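The shown structure was predicted, so the numbers you read here are calculated from the model rather than taken from an experiment. In what follows, residues are counted from 1 in the order of the sequence shown.
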Amino acid sequence: MKYILFTFILFLAACQDTRVKSPKISDIKGTWETLSVMQILPYGLLEVNEKGEGSLIAVSEEITAEVIRFHSFESRDREFRVVLHFLEDGELDEGAVITGSIDRGQLCFDISEEESEEENNERNWVCFTKHEKVDGFRERAFEYLRNMNKNA
């Protein structure tokens with residue numbers, strides 16, 4: 001009985017919508033980091049200014065370049081929209097409106113293609129963590145690993 005109750009509580013906690021209600025530009029302003037940009041590039045640094053405009057700098061062994069810009073922040077219920085442009089040879093493409101949200105301290109963008117989303121209801125997200133928090137998370141993880149290795 002305890003296990004059924006415990007499983008039910010975990011299920012309820014997992015089903016709660018934890019996204020920020022009516023996100024504001026101040027919620028996304030700052031520097032954000034990710035490991036793996038769309039499973040293509042191993043590292044990304046996102047800078048968002050006070051106008052809600054952002055630039056993504058992607059890094060791999062071969063390149064370091066600004067690859068995306070976005071602007072026109074528009075808040076919605078538990079999400080926001082921006083116009084995103086890919087940069088190719090320094091030129092912006094025509095752009096597309098994409099949806100983002102802030103969930104559990106992460107800034108996430110829905111990069112699903114409309115056709116695949118309609119077909120099988122799958123969504124693909126690229127998520128970023130606030131730069132100031134990354135070092136703390138990394139340190140805690142490595143400290144835990146060091147303790148595990150000591151106790152092994």
Side-chain angles (χ1 to χ4, degrees), residues 7-146:
T7 304
F8 181 68
I9 291 170
L10 283 178
F11 175 74
L12 286 177
C15 290
Q16 289 182 351
D17 191 348
T18 58
R19 295 176 298 165
V20 170
K21 283 186 178 181
S22 303
K24 301 178 222 35
I25 291 174
S26 60
D27 294 325
I28 68 168
K29 182 180 177 259
T31 305
W32 301 78
E33 295 182 59
T34 189
L35 296 177
S36 183
V37 178
M38 296 180 276
Q39 299 174 337
I40 299 170
L41 300 166
Y43 179 79
L45 184 69
L46 178 68
E47 181 69 25
V48 182
N49 68 21
E50 61 280 344
K51 296 177 185 174
E53 301 166 335
S55 294
L56 174 63
I57 296 138
V59 181
S60 73
E61 290 185 16
E62 297 84 26
I63 67 156
T64 299
E66 180 184 19
V67 294
I68 291 175
R69 284 191 196 156
F70 66 82
H71 58 86
S72 302
F73 179 92
E74 178 187 325
S75 185
R76 301 276 178 130
D77 180 40
R78 298 190 186 278
E79 63 184 29
F80 61 88
R81 291 189 177 173
V82 292
V83 177
L84 180 134
H85 299 273
F86 284 96
L87 276 92
E88 206 169 310
D89 299 324
E91 298 289 321
L92 298 173
D93 70 2
E94 68 278 354
V97 175
I98 66 165
T99 302
S101 63
I102 303 159
D103 193 0
R104 295 184 176 101
Q106 291 191 305
L107 174 62
C108 298
F109 294 95
D110 183 355
I111 57 168
S112 306
E113 294 183 25
E114 289 181 28
E115 301 84 42
S116 67
E117 191 177 329
E118 291 172 2
E119 288 173 14
N120 51 16
N121 204 22
E122 288 185 18
R123 297 178 84 166
N124 294 312
W125 297 87
V126 60
C127 294
F128 298 83
T129 301
K130 203 65 153 163
H131 169 70
E132 297 82 27
K133 293 186 177 190
V134 170
D135 288 340
F137 292 157
R138 186 180 298 120
E139 180 57 36
R140 285 174 37 204
F142 278 106
E143 181 66 28
Y144 192 90
L145 181 62
R146 282 190 293 272

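T31 pairs in a side-chain hydrogen bond (donor to acceptor under 3.5 Å, both in side chains) with only one of the listed residues (E132, H131, E47, K130), which is E47.
Between the side chain of S55 and the backbone N or O of R69 there is no donor-acceptor pair closer than 3.5 Å. Here the side chain of D110 pairs no donor or acceptor atom with the backbone of T99 at under 3.5 angstrom. Here the side chain of R78 pairs a donor or acceptor atom with the backbone of R19 at under 3.5 angstrom. Under the 3.5 Å distance criterion, the side-chain polar atoms of D89 are left unmatched by any main-chain donor or acceptor of E91.
The shortest side-chain heavy-atom distance between L107 and I102 falls under the 4.5 Å cut-off. Side chains of F70 and L46 form a contact here, defined as non-hydrogen atoms less than 4.5 Å apart. At least one side-chain heavy atom of L56 sits under 4.5 Å from a side-chain heavy atom of F128. Annotation: side chain of L84 is in contact with side chain of I68 (closest heavy-atom distance under 4.5 Å). The closest side-chain heavy-atom distance from V82 to I98 is below 4.5 Å.
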Q.
One pair to check against side chain to side chain contact (heavy atoms under 4.5 Å, CB included): W125 and I111. What are the steps and the verdict?
A. CA-CA 6 Å; W125 297 87; I111 57 168; 6.0 Å; no
Q: Just do the side chain to side chain contact (heavy atoms under 4.5 Å, CB included) check on V48 and F73 with the steps written out, would you?
A: CA-CA 11 Å; V48 182; F73 179 92; over 6 Å; no
Q: List the steps, then state whether side chain to side chain contact (heavy atoms under 4.5 Å, CB included) holds for L87 with V67.
A: CA-CA 5 Å; L87 276 92; V67 294; 5.8 Å; no
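With respect to E139 and R146, a salt bridge is recorded, a charged nitrogen being found less than 4.0 Å from a carboxylate O.
Atom CD of E50 has more than 12 neighbouring heavy atoms from other residues, nucleotides or ligands inside a 6.0 Å radius.
Distance check: E66 CD to L45 CG gives 11.0 Å after rounding to the nearest 0.5 Å. Distance CD/E74 to CD/E79: 9.5 Å, rounded to 0.5 Å.
By the 30° and 60° cut-offs, the orientation of the rings of H71 relative to H85 is parallel.
Closest approach of L41 to S60, counting heavy atoms only: CD2-CB, 3.8 Å. Taking each heavy atom of P23 and F80 in turn, the nearest pair found is CG-CD2, 4.0 Å.
A donor-acceptor contact closer than 3.5 angstrom is absent between the side chains of T129 and E33.
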